[in-house]
Amino acid sequence: MKFTLSWLRDHLETDASVDDIARTLNAIGLEVEGIEDRGAALASFRIARVIEAVQHPNADRLRHLRVDIGDGRELSVVCGAPNARTGMMGVAALPGEFVPGTGITLKAGEIRGVKSEAMMLSMREMGLGDDHTGIVDLPADAPLGASYVTWAGLDDPIIEISITPNRGDALSVRGVARDLAAAGLGTLKPWSAPKAAAAYKAPLNWKIEDPRACLWVLGRAVRGVKNGPSPKWLQDRLVAIGLRPISALVDITNFFTFDLGRPLHVFDVAKVKGTNLTMRMARDGETLTALNGKDYALTAEDGVIADEAGPEALGGVIGGEHSGCDETTTECFIECALFDPVRIALSGRRHDVRTDARARFERGLDPAFLPDALEAATRMIIDLCGGEASEISEAGAEPAWKRSATLRFERVASYGGLDLPADESVARLERLGFTMQARDAASVTVAVPSWRNDVASDLSAYRAGGGALAQFAGLDPARAAKAAEGCAAIEPECDLVEEVLRLGGLDAVPTVSLPTSGVIPPAAFTPKQARAALARRVLAARGMQESVTFAFMEAKTAALFGATPDALRLVNPIAADLDQMRPTPVASLLLAASRNAARGFADVALAELGAAYRDITPDGQAAVAAGVRHGATPRHWAEASRGVDAMDAKGDALAVLAALGVPMAAVQVTADAPGFYHPGRSGVVRQGPKTVLATFGEIHPKVLEALDLPGPAVAFEVFLDAVAEPKRRKKGAPDLPAFQPLRRDFAFIVEDKVTAEALLRAARGADKALITDVALFDVYRGKGVPEGSKSLAIQVTLQPREATLTDAQIEAVADRVVAAVAKATGAVLRA
Amino acid sequence: MTDDLASLQAETETALAAAADLRALDAVRVGVLGKSGSLTGLLKGLGAVPAEQRKERGAALNRLKGAIEAAIEARRVVLDAAALDARLAAERIDVTLPPRASAPGTAADGGIHPIARTMEELTALFGAMGFKVAEGPDIEGDWYNFGALNIPDHHPARQDHDTFYLPEVDGKRPVLRTHTSPVQIRTMLSQEPPIRVIVPGRTYRADHDATHSPMFHQVEGLVIDRGITLGHLKGCLIDFLRAFFGIADLPVRFRSSYFPFTEPSMEVDIGWSRKTGELGKGGDWLEILGSGMVHPKVLANCGIDPREWQGFAFGMGIERITMLKHGIPDLRPFYEADIRWLRHYGADPLAPATLHEGV
C-alpha cells in the first residue's frame with residue numbers, strides 16, 4: 001500500500017523524519033517496500049521569470065532570454081524552447097546543479113557568442129514526465145525565487161509498504177498512523193464522522209435475500225450532485241499512490257478505501273432498475289460486466305448485489321459497469337457493506353479479480369465502522385459535488401465481534417523472551433486500542449478493538465484471517481481434545497504477546513543460544529541419510545559432477561524411460577515440457593548431457609541424488625543415486641582414450657553399493673535391465689531374488705536418437721531405499737596366517753553364453769578352506785579358441801594354514817578347481 | 001483398378017513380405033519404382049493411353065504408386081527394427097564381468113553441487129546445536145502442505161504460493177509441496193516432543209523467471225520443547241548465520257511479520273552492501289529468512305497441547321544463502337547441469353563439511 005507523508009500526517013501528529021518512520025514501520029511488521037522522494041533531486045531549482053525573450057543574434061533556432069531568478073540577479077540564458085516568451089514564469093537551474101532528466105551537471109558557458117548563465121527547464125529535464133515540447137510554463141502568480149518542488153507539492157515522499165494477510169486494518173492510512181502512534185512515533189489525531197442531515201426518503205432499499213451474500217449493509221442517496229473532476233488535492237493524492245482520478249464520486253470512494261480502509265461503492269440511482277438492491281447469491285447463467293470492462297460468468301457461490309435487471313456488482317470484489325456513476329449522474333446511492341471475508345476471498349480467486357476492495361474485504365475490515373463511514377462519505381460528497389442526502393437504508397446487522405483476551409504478564413518473557421514490566425505491556429495494548437477490562441498482579445484482560453480481526457479471531461462472529469482447527473484425522477480422540485482445548489486457551493494470549501513484542505521491535509528481545517542436552521551432539525543424520533551423503537561423495541570422487549535437475553520433464557521424453565501415469569502429470573505445468581514427474585533421474589541427466597554436447601562438451605560424467613516417481617504416495621518416491629557418462633575418456637599419453645562403456649557404469653554402481661556396506665559376495669547380476677538400456681549391454685544388480693539394488697548399462701540406441709545424443713552413453717541407478725542398513729558388528733579377528741599364499745593361473749575355454757560370474761563362483765566354491773580369492777584377468781576370443789567360445793583366465797589364491805602345501809596337495813586343489821568349473825560351466829582347460 | 005495394376009500390387013506385396021533384409025527390400029523397390037521398374041514403365045506409357053482414359057488411368061497409377069511406397073516404408077520399419085534387434089543381440093556382452101578396478105575419472109574431475117554442499121554445512125552447524133535431519137515426500141496432500149499449517153483454503157497466503165497440482169484423487173488434489181513445512185507436520189505426528197529437526201529439501205512453485213525457479217530448495221527448522229522462547233529463536237538463527245557466512249559480527253535484524261503457521265512471526269535480515277554485495281558491511285539490509293514461534297493451532301492440529309509444549313520454526317532458501325555465500329550471481333544455472341558451471345562451483349568431494357575442519 002502507498003501513501004504520502006502529508007497524508008499520513010493528516011492522521012498522525014509527528015515530527016519524525018521519513019527515515020525514522022520507515023525504520024519503525026519495518027520493526028512493527030509493516031514492511032517498507034520503497035520510499036520515493038520525487039522532490040529530493042529537484043530541491044535546488046527555483047521559480048524564475050523571463051524578463052525578456054528575443055531572437056538569438058547568431059542562431060535561427062535559439063532564443064536569448066534575460067531571466068530574473070528572484071534573488072536580485074538577472075542572468076543571460078540561451079534557450080531552444082519554442083514557447084519561451086517575455087514575461088513567462090518558469091523553472092531555472094543554475095551552474096553546479098544536477099539536471100536529472102539530462103544526466104548532466106550544469107556549467108555556465110557561451111553559445112554562439114552569447115553568455116548562458118542558467119537553464120530554463122522542461123518537465124522531462126526535471127524527470128517529471130515526457131513533456132519536452134517546451135520549457136515549463138507556470139501560472140503568472142507563481143512565487144518568483146521560491147523552490148519549485150515546494151510550490152508544486154512535490155516535496156512529499158511516497159511511502160510504499162506491504163501488508164501481511166492478517167492486517168486488514170493496516171490497509172488504510174489511518175490504520176498505519178494508529179500503529180505508528182502506538183509504537184511511540186507520535187499521536188493519533190482524533191477523527192469523528194461529520195454528520196449529514198437527511199433531507200428525503202431513500203430512493204433505494206436494501207434487501208438481504210441470502211445471509212451468505214452479505215452480513216450488514218447501509219446505503220444512502222445524495223441527489224442534486226454534480227459529478228465533475230475532483231479537486232486538485234484529492235487528485236494529487238490519488239496520483240501519488242498510483243491511482244487514476246476519474247470523477248469526484250469515484251475518487252471519493254477510492255479516498256475512503258485508502259484513507260480509512262473502508263471500500264465504498266456508488267450506484268447511479270437513475271440506472272438502477274426498480275427500488276430494491278438485493279444481496280443474494282448469483283443464479284446460474286448470470287453474468288456481470290464489471291467496472292474493469294471484463295465480463296464474469298457468475299456461479300451460485302458468488303454473492304451479488306442485484307436490482308430488478310440482475311447483478312449490478314460482485315459484492316465486495318468489483319462493481320458493475322452498468323450502474324456505475326459517470327459525469328451525467330445527478331443522484332448517487334452509496335453502498336457501505338460488510339461481507340464474509342472467506343466468501344470474498346474465494347469469489348475473488350475464482351474470477352481472478354484483484355481489487356483494492358477485495359484486498360480489504362478478504363482480510364477483514366472494521367465490522368463496527370459502517371455508520372460513521374457512511375456519514376463521512378455522505379458529507380464529503382455533498383462538500384465536493386453538492387446536493388442533499390436521503391435517509392439511510394439498512395439491512396442485516398452488526399455481527400457479534402466483541403470479545404476479550406487475557407494476557408498473563410509472565411508469558412511475555414516465557415513465550416516472547418522479553419522481560420517487560422506489566423505496566424508497559426498494558427500500555428502498549430492500550431495504545432493499540434485495546435481497552436482494559438480487568439487486571440490483577442498476574443494478568444490483564446482486555447477488550448479487542450473492532451478493527452483487529454486478527455486477535456482472538458475464533459471468538460468473533462466476523463471471522464477473518466486464520467482458519468479453524470484442522471486436526472489430523474488419525475489422532476487419538478482424547479489427545480486431540482486436550483490439544484484443541486489447549487489451543488483455545490492459549491491462542492488469544494499468543495496474539496497479545498505478539499502485539500506487545502511487535503510494538504517494541506523484536507530487536508529488543510535478548511538473544512539466547514539454544515541450550516543443548518550435552519556438549520557432544522548425537523549424529524544429525526540417520527544411517528540412511530549418511531549413506532546418501534556417502535554415495536554422493538563416492539560418485540564425485542569417481543570424477544562425476546553432481547547435478548541438480550528438475551523433477552518434472554516432458555511426458556513424451558519421460559515415456560522413453562518408464563511408466564508415465566496420468567496421476568503424475570501436473571495439472572498446471574509452468575511449461576508444456578515440464579509436466580510429467582520423471583520415472584528416473586537418468587532421464588534428466590541424459591537431457592543434461594545432450595545440452596552439454598550441444599555446447600561442445602560431449603565428454604561428461606553427471607550424477608544426481610534425486611527422486612524417481614512411481615505414484616503419488618510417499619513410498620512411490622524412490623531415492624536414487626543416478627549417473628550418466630557420455631562420450632570418451634580423456635586423452636592421455638599413458639592411457640588411450642576410449643568410449644565409455646557398460647563396465648564404467650557398472651563400476652560406478654558397484655562402487656556406491658560397496659561403500660554403502662552391501663556385502664558384495666552376495667550380489668548377483670542379471671541381464672534384464674529396463675528398456676531404456678541396450679538389451680545386451682545392461683544388467684540389474686540384485687541381492688537375493690527380490691531386492692533390486694541397481695541397474696546399469698549402455699543406453700539404448702533408440703533413446704540416444706530420440707534425445708539427439710551422439711553417444712556412446714552409459715548410465716546407472718542405485719536404489720538407496722533398497723540398500724539394507726549394514727549390520728554394525730565389531731569386526732572379527734583378522735585372518736593373518738603364518739604361511740605365504742600361493743597363486744595359480746588357469747585358462748578355461750567355455751561357450752560364449754557362460755557368464756564370468758558363474759565361472760568365478762564355481763572356482764571359489766572348489767575349496768572354501770584353501771581358496772581365499774579368485775580373480776578374472778583375461779578374456780580372449782580368436783585364434784586357438786573355437787568359434788562361439790571364449791577363453792577366461794583366472795588367478796586362484798591358495799592360503800595354507802597349518803603347513804606349507806605339498807605339490808600333491810596343490811595338485812589336488814587344482815584338480816578340484818578344474819572339476820568344479822567344468823561341472824558348473826562345461827569348461828575345459830585351455831591347452 | 002484394372003487387373004494389371006491389381007496384380008502388380010499383389011506381386012509387390014508378396015515380394016515385400018518375402019524381403020528378409022534391407023538389401024532385398026531395396027531390390028523390390030528398384031524393381032517396381034526404379035528407373036526401369038515395372039510401375040515406372042506403366043507411368044511412362046501413360047502418354048500412349050487414349051486421351052479420354054488417360055486421366056483415370058493416371059490417377060489409378062498414382063494411387064498405386066502411393067500404396068506401394070507406403071508398403072515399402074512399412075516393411076522398412078519392420079526390417080529396421082529386426083536389423084537393430086539383430087545388431088543389439090550381436091553386441092551382447094557378458095554383464096557379469098567384473099568392472100575395471102579404477103574409475104574413468106578422479107576426485108579432481110568430480111564435484112559436489114553447491115546446493116548439496118550448503119546442505120552439508122547446514123547439517124554440520126545445526127547438528128552441533130542438536131538438530132537431526134528429517135525428510136518428507138515432494139508430493140503432498142493438501143492438508144500437510146496447507147491445512148495443518150493453518151492455511152485454510154480461502155487464505156490469502158495461498159495465492160502467494162503458486163502451487164503445482166496433480167490430478168484429483170478422491171476429491172482432493174495432491175500438490176508438489178510449496179515449502180518444506182509439511183515435514184514439520186509429519187515429524188510432529190511421528191514423534192513425541194522434544195523435537196529438534198532441520199528439513200532440507202526440494203520445493204516447487206509455479207514461477208519461472210530470472211530470480212524464481214519452479215523447483216528450488218528450502219531448509220526448514222523446527223524446535224519443540226518446554227520453555228523455548230523467541231529469544232532462543234533469535235539466538236539459534238544468529239549463531240547459525242554468523243557461522244555459516246563466517247562473519248563473527250554479521251549484523252542480523254529481526255522484523256515483525258506474518259506467517260499463518262507461526263505467531264509471533266518475524267523476517268530476518270542480514271547486513272550487507274547493496275552496492276558491492278559484500279556481507280556484513282555497508283549498512284543495507286537483505287531479507288534472508290522467515291521464522292516465528294510455532295502457532296498453537298499447528299501444534300494442536302498435530303495433537304500437541306500448546307499449553308505444555310512450545311517452540312519455533314524457520315525456513316530459508318538454500319539457493320539464496322548459497323548464492324550469497326559464494327557470490328553466485330544467477331539462479332538458473334543451478335539446475336542446468338552445465339559442466340562448465342559445475343566444474344567452477346562444485347565442491348571437493350574429499351573435503352566434506354565438518355566442524356573440526358571448518359565449514
Side-chain angles (χ1 to χ4, degrees), chain A residues 26 29 164-166 342 345-346 416-417 467 470-471 475 479 482-484 486-487 490-491 494 498 502 506 509-514 516 521 524 537 540-548 550 570-571 574 592 596 601 604 616 618 621 633 647-648 650-651 669 671 679-681 683 755-757, chain B residues 88 91-97 99-100 103-107 109-113 115 123 127 129-130 132-133 137 139 147 150 152 154 156-157 164-165 174 206 208 214-215 229-232 234-236 238-239 254-258 263-264 266 296 300-301 303 305-307 337 339 342 349:
Chain A
N26 273 327
T164 53
N166 59 326
V342 172
L346 294 176
Q471 290 186 302
L475 287 180
R479 185 184 172 131
K482 181 165 171 283
C487 180
I490 214 172
E491 190 183 344
C494 293
E498 174 176 31
R502 184 174 72 83
L506 296 174
V509 176
T511 61
V512 187
S513 285
L514 204 52
T516 47
R537 289 201 286 271
R542 291 175 62 85
M544 308 197 87
Q545 287 291 345
E546 193 209 354
S547 312
V548 172
F550 288 162
L570 295 180
V571 174
I574 197 130
N596 278 298
F601 292 82
V604 295
I616 60 166
Q621 177 178 331
T633 61
M647 285 300 132
D648 290 324
K650 183 178 182 182
V669 173
R681 294 183 170 180
T755 65
E757 190 172 276
Chain B
L88 296 180
E91 286 174 352
R92 182 172 298 277
I93 59 167
D94 180 0
V95 292
T96 72
L97 281 169
R100 294 178 187 85
T106 66
D109 305 319
I112 301 285
H113 195 280
I115 289 174
T123 306
M129 292 189 257
K132 303 207 173 217
V133 174
I139 300 173
N150 199 29
H154 60 81
F164 281 118
Y165 293 98
H208 205 179
M215 186 191 87
T229 76
L230 196 92
H232 293 118
K234 289 182 64 179
C236 173
I238 290 178
D239 287 344
F254 295 84
R255 281 183 291 106
S256 276
S257 187
Y258 169 80
E263 179 176 43
M266 54 192 190
N301 284 341
D305 187 341
R307 289 171 297 195
I339 196 77
L342 294 172

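Naming convention: chains lettered A, B, ... in sequence-line order (proteins, then strands); numbering from 1 in each chain. Just the heavy atoms: all of them, side chains too, but no hydrogens, waters or symmetry mates, feed the values below. These numbers were taken from a predicted model, which means no experiment stands behind them.
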Enquirer: For each of A:Pro521, A:Ala756, A:Ala540, A:Ala592, tally heavy-atom pairs with chain B at distances under 4.5 Å, and name the one with the top tally.
Expert: A:Ala540

Enquirer: Using non-hydrogen atoms only, which part of A:Pro679 is less than 4.5 Å away from chain B: side chain, backbone, both, or neither?
Expert: both

Enquirer: Do B:Met266 and B:Leu230 make a side-chain contact, defined as non-hydrogen atoms from C-beta onward lying under 4.5 Å apart?
Expert: yes

Enquirer: Do the side-chain N and O atoms of A:Thr755 and B:Asp94 include a donor-acceptor pair separated by under 3.5 angstrom?
Expert: no

Enquirer: How many angstroms lie between atom OG1 of A:Thr164 and atom OH of B:Tyr258, to the nearest 0.5 angstrom?
Expert: 7.5 Å

Enquirer: Just so I know, are the side chains of B:Asp109 and A:Gln545 near enough to count as touching, which here means a heavy-atom distance under 4.5 Å?
Expert: no

Enquirer: Any idea which of A:Ala671, A:Ala484, A:Cys487 has the most non-hydrogen atom pairs under 4.5 angstrom with chain B?
Expert: A:Cys487

Enquirer: Between atom CE of B:Met215 and atom NE2 of B:His208, what is the distance when rounded to the nearest 0.5 Å?
Expert: 10.5 Å

Enquirer: Below 4.5 Å, heavy-atom pairs only: which of B:Pro137, B:Gly303, B:Gly127 has the largest tally toward chain A?
Expert: B:Gly303

Enquirer: Report yes if some heavy atom in the side chain of A:Val509 is under 4.5 Å from a heavy atom in the side chain of B:Lys234; otherwise report no.
Expert: yes

Enquirer: Of the listed residues (B:Ser256, B:Ala206, B:Ala107), which shares the most heavy-atom pairs with chain A below a 4.5 Å separation?
Expert: B:Ser256

Enquirer: Quick check for you: among B:Ile139, B:Val95, B:Ile93, which has the greatest number of heavy-atom pairs under 4.5 Å with chain A?
Expert: B:Val95

Enquirer: Is B:Pro174 close to chain A through its backbone or its side chain, or both, or neither, when contacts mean heavy atoms under 4.5 Å?
Expert: side chain

Enquirer: Between A:Phe550 and chain B, which part of the residue has a heavy atom less than 4.5 Å away: side chain, backbone, both or neither?
Expert: both

Enquirer: Between A:Ala524, A:Gly683, A:Pro618, who has the most heavy-atom pairs with chain B when the cutoff is under 4.5 Å?
Expert: A:Ala524

Enquirer: If we only count heavy atoms from C-beta on, is the B:His113 to B:Leu342 side-chain gap below 4.5 Å?
Expert: yes

Enquirer: Name the region of A:Thr516, side chain, backbone, both or neither, that has any atom closer than 4.5 Å to a heavy atom of chain B.
Expert: both

Enquirer: Is it the backbone or the side chain of A:Asp648 that comes under 4.5 Å from a heavy atom of chain B, or both, or neither?
Expert: both

Enquirer: Pick from A:Ser547, A:Gly680, A:Gly417, A:Gly651: which one has the most heavy-atom pairs with chain B under 4.5 Å?
Expert: A:Gly680

Enquirer: Quick one: of B:Ile115, B:Val133, B:Thr123, B:Asp239, who has the most non-hydrogen atom pairs under 4.5 Å with chain A?
Expert: B:Val133

Enquirer: Taking A:Val604's backbone N and O only, do any of them form a donor-acceptor pair with A:Asn596's side chain (distance below 3.5 Å, no angle check)?
Expert: no

Enquirer: At a 4.5 Å cut-off on heavy atoms, which part of A:Ile616 comes close to chain B: side chain, backbone, both, or neither?
Expert: both

Enquirer: Under 4.5 Å, counting heavy-atom pairs only, tell me which of A:Gly29, A:Ala470, A:Gly416, A:Ser513 racks up the most with chain B.
Expert: A:Ala470

Enquirer: Can you name the nearest heavy-atom pair linking B:Pro296 to A:Ile490, along with the distance?
Expert: CB-CG2, 3.7 Å

Enquirer: Is chain A contacted by the side chain of B:Ile238, its backbone, both, or neither, given a heavy-atom distance below 4.5 Å?
Expert: side chain

Enquirer: At a heavy-atom distance under 4.5 Å, which candidate from B:Pro214, B:Ser257, B:Cys236 has the highest pair count against chain A?
Expert: B:Pro214

Enquirer: Nearest 0.5 Å, what's the CZ-CZ distance between B:Arg92 and A:Arg681?
Expert: 10.5 Å

Enquirer: Measure across B:Pro349 and B:Gly110 and return the closest heavy-atom pair with its distance rounded to 0.1 Å.
Expert: CD-O, 4.1 Å

